[in-house]
Enquirer: 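Here it is, the structure, as structure tokens.
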Protein chains: 2
Amino acid sequence: MNIQPNPKAAILTEIMLAVFRMQGRLLKKGDELVKPLNLTSAKWQVIGAVALAGKPLSAPQIAEAMGITRQGAQKQLNKMEKEGFFERCPNPYHQNSPLYTLTDLGIRSFSDAMALETVWADGLVTDLSLQRLHETLQTLNVIHEQLDSPVPKKGDR
Amino acid sequence: MNIQPNPKAAILTEIMLAVFRMQGRLLKKGDELVKPLNLTSAKWQVIGAVALAGKPLSAPQIAEAMGITRQGAQKQLNKMEKEGFFERCPNPYHQNSPLYTLTDLGIRSFSDAMALETVWADGLVTDLSLQRLHETLQTLNVIHEQLDSPVPKKGDR
DNA sequence: CCTTAAGTGGAAACTAGTTGTCATTATGCG
DNA sequence: CGCATAATGACAACTAGTTTCCACTTAAGG
């Protein structure tokens, strides 16, 4: 099963696979969690981006906060505006690029989702120490930063 | 920024966000890495599932190994058969459900991808200890197992 | 046997994201 | 001011997965 010579690289491979598995599971669980609020994981993330910014954002700003393309964010925004989670308000710096504000419904949905998520998360971490969680987060962040650097060529090591 | 009362749950939330960010980055990097082999991350994963099993698998078996639905796996398989990575061979136990074998091209693609991945992974883990990586993997696995249990009700804690 | 339930492939509609193109709207520089 | 360039929204086509339905095979029970 383990064909890779470097044991650290082998574990990293398993971490990558764990990340894939977790992502799928998290999205599914998230969808279930916020379904009563008429939300999906994706919509929840859009609302979260604006709520955490604490001010109206344009579509490209939301995209950047979420780490997706501006077209992807725009798609969700167009739907969510019709569903009443957001309102457009004029952007003083760009007439063609409105800012998106959370409506009352949007604000309420976010705080409801946050409440659900807190209860859920509490139940997941009982077996793990704070120290352990900290280290894990830090490790993931280190790997994530490394992912920004280019793929090394064969002669580079 | 941190509105959650339980510090462990708050860190877990950040771990979840880190997992989302990493998943996106990993897929993008994976696509770049195996593009010279005429592969994508998704196809690489399908090939990997069969290669690691060491024997031909049916579509539902591949789906289970990958953690996706059988229809999702079938879609990739139908495409990849046309592209010459797989061959169908008759399933003695189910005439309607062929087994998928890697062709020479499929086998070669997998080992080439593995070689590329090893070089890449080596470069990502130089800053991290084996111990640290082990603990991270273990933590992720604990969280993943917890994700299988149902969302706790308000009275459960 | 026959019938029923489970497993399977195929196809369609859907979610969520991507890339690419086009027209319009800023922005900055000469 | 005017013009090249960047930013933006709209739209279309694509990837990768999901759910849902239908039809056919297989397995198990009476």
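So you know, we letter chains A, B, ... as the sequences are listed, proteins then strands, and number each from 1.
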Enquirer: Measure CD/B:Gln61 against P/C:dG7 and give the value in whole Å, please.
Expert: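 From B:Gln61 CD to C:dG7 P: 13 Å.
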Enquirer: Between D:dA10, C:dA16, C:dT25, spot the one nearest the side chain of A:Asn96, thanks.
Expert: C:dT25
Enquirer: Can you confirm whether more than 12 heavy atoms, excluding those of B:His144, are under 6.0 Å from its NE2 atom?
Expert: yes
Enquirer: Assuming nearest nucleotide by heavy-atom distance, tell me which of B:Arg70 and B:Lys75 is located more 5' along DNA chain C.
Expert: B:Arg70
Enquirer: In whole Å, I'd like the distance from the CD1 atom of A:Ile68 to the C1' atom of D:dT8.
Expert: 16 Å
Enquirer: Could you check how far NZ of A:Lys28 sits from P of C:dA16, rounded to whole Å?
Expert: 14 Å
Enquirer: Could you state the atom-to-atom distance from CH2 of B:Trp44 to P of D:dA16 in whole Å?
Expert: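 These atoms are roughly 14 Å apart.
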Enquirer: What heavy-atom pair brings B:Cys89 and B:Thr101 nearest, and what distance separates the two atoms?
Expert: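 Answer, listing the atom of B:Cys89 first, then B:Thr101: SG-OG1, 3.3 Å.
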Enquirer: Output yes when a side-chain donor or acceptor of A:Thr13 lies under 3.5 Å from a complementary backbone atom of A:Ala9, and no otherwise.
Expert: yes
Enquirer: In whole angstrom, what separates A:Met80's CE from C:dG17's P?
Expert: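 Computing the A:Met80:CE to C:dG17:P distance gives 11 Å.
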Enquirer: Quick one: label A:Thr40 by what it contacts on the DNA or RNA (base, sugar-phosphate, nothing), any heavy atom closer than 4.0 Å.
Expert: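 It contacts sugar-phosphate atoms only.
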Enquirer: Checking side chain to side chain contact (heavy atoms under 4.5 Å, CB included) against A:Val46, which of A:Tyr100, A:Phe86, A:Phe85 comes through?
Expert: A:Phe86
Enquirer: Using a cut-off of strictly less than 4.0 Å, decide whether B:Asn78 has a side-chain nitrogen or oxygen near OP1 or OP2 of C:dG10.
Expert: yes
Enquirer: Name the nucleic acid region contacted by A:Lys43, choosing base, sugar-phosphate or nothing; use a 4.0 angstrom heavy-atom cut-off, strictly under.
Expert: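 Answer is nothing: A:Lys43 stays at 4.0 Å or more from every strand.
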Enquirer: Between C:dT15 and A:Gln76, counting only base atoms on the nucleotide and side-chain atoms on the residue, is there a donor-acceptor pair under 3.5 Å?
Expert: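 Between C:dT15 and A:Gln76, which were checked side chain against base, a qualifying N/O pair under 3.5 Å is absent.
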Enquirer: Using the closest heavy atom to pick a nucleotide of DNA chain C for each, name whichever of A:Lys79 or A:Ser97 lands nearer the 5' end.
Expert: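 Mapping each residue to its closest nucleotide by heavy atoms, the 5'-most match is A:Lys79.
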Enquirer: Whole Å only: how far is the NE2 atom of B:His94 from the P atom of D:dA23?
Expert: 18 Å
Enquirer: Could you give the CG-to-C1' distance, from B:Leu27 to D:dA16, as a whole number of Å?
Expert: 10 Å
Enquirer: Is there a donor and acceptor pair closer than 3.5 Å between the side chain of A:Gln71 and the base of C:dG17?
Expert: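 No pair found.
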Enquirer: Whole Å only: how far is the CD atom of B:Gln74 from the C1' atom of D:dA16?
Expert: 15 Å
Enquirer: Between B:Arg70 and B:Glu64, is there a salt bridge with N-O shorter than 4.0 Å?
Expert: no
